[in-house]
Each structure stands twice: as C-alpha cells, then as structure tokens.
**Q** 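I have a structure here, written as structure tokens, and I will follow up with some questions on it.
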Amino acid sequence: MSRRVLVTGASGFVGRGLIEQALTQWPLRAAVRRPTQDLPEGVELAPIAGLGPDTDWTAAVAEVGVVVHAAARVHVMGDRAADPLAEFRQTNVQGTLRLAEQAAAAGVKRFIYLSSIKVNGESTEAGRPFQADTPPAPVDPYGVSKHEAEDGLYALAAKTGMELTIIRPPLVYGPGVKANFHAMMRWLHRGVPLPLGAIDNRRSLVARGNLVDLILRCLEHPAAANQLFLVSDGEDLSTTDLLRRMGRALNRPARLLPVPPAVLKLGGTLLGRAAVFERLCGSLQVDSSKARELLGWVPPLTVDEGLRLAAEDFLRHAG
C-alpha cells in the first residue's frame with residue numbers, strides 16, 4: 001500500500017494542524033483550490049476546483065493509500081442561504097461521496113472522514129454523554145448533511161471494500177482558532193465583564209493537537225478500520241470554568257458576573273438568540289473511551305495545555 005496521504009481542507013484549521021504534525025512522518029498531498037496557498041515546504045499540492053458533485057479527483061487520489069477528508073461546508077450561525085440544507089448537501093454529501101467513489105476506484109485503502117458531534121445532536125443531559133453507539137439525532141442542516149454523508153460512506157465502503165474511519169469531534173480549539181472561541185479570548189483579554197459566572201453545565205472540547213493525534217493514530221492502526229470514534233480532551237468543563245481557565249492562560253482575570261441562567265435564557269429568547277444561550281448554558285458531553293480502549297489512544301494535551309497553546313498564539317497576534 002502507498003504511504004501517501006491525501007488531506008482535503010489542508011488550509012483549514014484542522015487540516016493545517018494535521019499537515020504540520022504529519023509532515024515528518026508521512027508523504028503528504030494537499031488538495032487545494034489555489035496552488036499558491038501557504039503550506040509547509042515538502043507538501044505536494046493537488047489543485048482541485050472545489051468540493052462538489054462534479055469535482056474530478058483522479059489526479060489527487062492517484063497512488064494514495066489514505067484519504068483524510070477534513071474539507072466541508074462548515075456550520076455558521078445565522079446562515080443566510082435560501083435553502084441551507086440543499087447547500088450543505090451539495091458540498092458535504094454529494095461532494096464527499098464523489099471524492100470517496102473516486103478514491104475507492106483508485107485503490108485507496110482507507111478513508112478517514114472528519115464528521116461532527118452534531119450528528120448525535122445539540123445537547124446532552126449532564127452526566128449522560130454521547131457515546132459511539134448513541135443513535136444519531138442531528139437537528140440543524142449541517143448536522144443532517146454530515147449524517148447523510150456518513151450513511152453514504154458506509155454504503156460505499158460495504159460495496160467497495162475500502163476501509164472507513166469516522167471521527168466526530170465537538171468544538172475544536174487551539175492556535176489560530178476563529179469564530180466564537182476567538183471572540184471569547186478577545187473579551188477576556190480586553191477585560192470585558194461577562195454575565196457567565198454562574199453556569200453549572202458540562203461541555204466537552206477537543207484541542208486541535210489531540211484531534212490531530214487521533215487522526216494520525218487512525219492512519220494505519222488496524223483496529224481503526226471500519227470504526228466510528230468520538231473524541232474529546234477527556235475533561236468536561238462548565239462555561240464558567242472554561243472562561244476562568246482561559247483567563248489564566250491569557251494572564252487576565254476573568255471578570256464574570258453571577259447572572260442566573262434563567263435570566264440569561266430569558267434574555268436570549270427575547271433577543272432571538274436562544275441557540276447562543278444553549279451553547280453557553282447547556283451541556284454537551286462526549287465519551288471518547290472507545291478510541292482509548294480500541295486504539296490505546298491517550299490525548300497528549302491536557303485542557304490547560306491546550307488552552308495555553310491557544311492563548312500564546314492569540315497573544316502573539318494581538319500584540
């Protein structure tokens with residue numbers, strides 16, 4: 001089997017981290033829309049038109065042993081597409097299956113699909129985490145599209161014999177993280193008072209370094225074939241605790257006001273931001289014991305180490 005690994009989404013947050021960490025161990029090929037994209041020296045570039053139902057992957061998958069598919073149309077708050085589910089399906093379902101079909105035809109041995117915990121749902125009861133065998137219950141169009149892609153990949157793998165590994169991460173953070181996590185660091189760094197000092201929820205996160213480490217383990221571990229893994233750091237935090245520990249990593253005291261969650265929920269509802277309230281105050285826990293037991297995987301980073309790396313990168317660019 002060829003040891004060459006094709007990475008899609010190589011310029012993205014997770015893909016870039018994977019490229020940087022795997023480059024010394026594996027011959028890498030990155031699927032990119034623009035050949036000028038800034039990737040480390042030594043990575044072979046494979047230009048593609050995009051992730052869609054008509055993309056030609058023939059050259060990209062030639063002489064490749066493993067595909068790591070990290071590219072996707074990602075979830076965004078307040079999606080303004082006229083038909084969000086149709087948009088997600090075109091990229092995340094049809095585009096993914098087009099790649100997988102051509103990979104199987106080219107003789108690729110293993111296809112690693114970076115899915116999402118949103119396939120399982122949006123929340124859990126505290127102390128009752130999602131597990132690898134928890135029935136899927138996606139809520140939003142992004143989660144539905146990821147679930148449909150998984151189903152299509154299972155069918156293709158059964159038909160072709162190509163090995164399939166699916167990984168569902170929760171929120172991923174680390175150096176260069178954007179969106180809400182970056183906004184949280186910016187608020188803490190500026191000393192903005194936040195009404196989040198009395199949240200007693202539990203949420204699982206995964207440091208990018210831990211997620212990348214699991215992907216690397218899945219590249220060739222025999223037991224990873226045809227398996228589904230949930231992944232997390234292994235320590236679940238309340239929103240309040242996360243903010244305090246992130247503040248320490250930034251060397252800034254978190255200025256948290258103990259506003260009761262019921263008041264926050266009312267405010268979120270009145271402002272039309274109920275989903276934001278749920279992410280801040282609800283629980284979403286993930287049990288990653290299957291990866292630990294089946295693959296002997298141990299997250300190399302603790303939560304505090306992961307937060308420190310994210311904070312150091314933030315401070316470098318903030319200054």
Side-chain angles (χ1 to χ4, degrees), residues 1-72 91-92 95-115 149-150 152-154 156-167 169 208-229 231 291 295 297 300:
M1 182 190 86
S2 171
R3 295 191 77 250
R4 182 176 287 107
V5 177
L6 172 68
V7 180
T8 72
S11 61
F13 177 55
V14 174
R16 177 72 184 227
L18 175 61
I19 289 283
E20 292 173 350
Q21 198 162 325
L23 188 55
T24 60
Q25 306 169 52
W26 296 82
L28 298 179
R29 180 181 292 163
V32 295
R33 291 189 180 187
R34 298 179 299 279
T36 56
Q37 285 177 310
D38 182 25
L39 291 172
E41 186 176 350
V43 178
E44 179 187 355
L45 302 184
I48 59 164
L51 179 61
D54 301 316
T55 302
D56 183 3
W57 294 92
T58 306
V61 297
E63 299 182 345
V64 164
V66 181
V67 171
V68 179
H69 185 36
T91 301
N92 296 348
T96 293
L97 296 181
R98 170 78 169 181
L99 165 61
E101 288 164 359
Q102 295 193 7
V108 169
K109 180 180 181 181
R110 181 171 295 181
F111 192 97
I112 299 176
Y113 181 54
L114 196 64
S115 187
E150 288 185 8
L153 289 171
Y154 280 127
L156 180 66
K159 181 175 67 175
T160 64
M162 182 173 65
E163 296 173 353
L164 174 64
T165 303
I166 294 174
I167 301 174
R208 183 179 66 175
N210 287 339
L211 174 56
V212 165
D213 191 75
L214 178 60
I215 295 171
L216 291 175
R217 182 67 60 94
C218 290
L219 287 180
E220 59 181 350
H221 199 298
N226 304 312
Q227 296 292 339
L228 164 67
F229 299 107
V231 59
L295 306 180
W297 177 72

**Q** How long is the gap from CG on Leu28 to CG on Leu39, to the nearest 0.5 Å?
**A** 10.0 Å

**Q** Quick one: do Ser11 and Val32 satisfy side-chain contact (heavy atoms from CB on, under 4.5 Å)? Show the steps, please.
**A** CA-CA 8 Å; Ser11 61; Val32 295; 5.6 Å; no

**Q** Are the side chains of Leu211 and Leu114 in contact, using a 4.5 Å heavy-atom criterion?
**A** yes

**Q** What are the two closest non-hydrogen atoms of Leu6 and Ala31, and how far apart are they?
**A** CD1-N, 3.9 Å

**Q** Kindly indicate, with the supporting measurements, whether the criterion side-chain contact (heavy atoms from CB on, under 4.5 Å) is fulfilled by Leu156 and Leu164.
**A** CA-CA 9 Å; Leu156 180 66; Leu164 174 64; over 6 Å; no

**Q** Can you tell me how far the CD1 atom of Ile166 sits from the OH atom of Tyr154, to the nearest 0.5 Å?
**A** 3.5 Å

**Q** List the steps, then state whether side-chain contact (heavy atoms from CB on, under 4.5 Å) holds for Leu153 with Leu97.
**A** CA-CA 7 Å; Leu153 289 171; Leu97 296 181; 3.9 Å; yes

**Q** Closest heavy-atom contact between Ala22 and Leu216?
**A** CB-CD2, 3.6 Å

**Q** What closest approach, in Å, do Arg98 and Pro53 show between heavy atoms, and which atom pair accounts for it?
**A** CD-O, 3.4 Å

**Q** Quick check: does any side chain N or O of Thr165 sit under 3.5 Å from a backbone N or O of Ala224, one acting as donor and the other as acceptor?
**A** yes

**Q** Applying side chain to side chain contact (heavy atoms under 4.5 Å, CB included), can you list everything that pairs with Ala46, at least two apart in sequence or on another chain?
**A** Arg29, Ala60

**Q** Do you know the tightest heavy-atom contact between Leu51 and Arg33?
**A** N-NH2, 4.1 Å

**Q** Determine which pairs satisfy side-chain hydrogen bond (donor to acceptor under 3.5 Å, both in side chains) with at least one residue from residues 49-60, sequence neighbours left out, and list them in order.
**A** Asp56-Thr58

**Q** Looking only at heavy atoms, which two atoms of Leu23 and Pro40 are closest? And how far apart?
**A** CD2-CB, 3.8 Å

**Q** Between Cys218 and Leu295, which heavy-atom pair has the shortest distance, and what is it?
**A** SG-CD1, 3.8 Å

**Q** Heavy-atom distance under 4.5 Å between the side chains of Pro300 and Asn210, does that happen here?
**A** yes

**Q** Would you confirm whether Arg3, through its side chain, and Gln25, through its main-chain N or O, come within 3.5 Å as a donor-acceptor pair?
**A** yes

**Q** Can you tell if the side chain of Ile112 reaches within under 4.5 Å of the side chain of Leu219, non-hydrogen atoms only?
**A** yes

**Q** Are Arg217 and Phe229 close enough that some pair of their side-chain heavy atoms sits under 4.5 Å apart?
**A** no

**Q** Has the side chain of Arg208 got a donor or acceptor atom that lies under 3.5 Å from a matching backbone atom of Phe13?
**A** yes

**Q** Not counting sequence neighbours, list each pair that qualifies as a side-chain hydrogen bond (donor to acceptor under 3.5 Å, both in side chains) and has a residue in residues 60-71.
**A** Thr8-His69, His69-Thr96

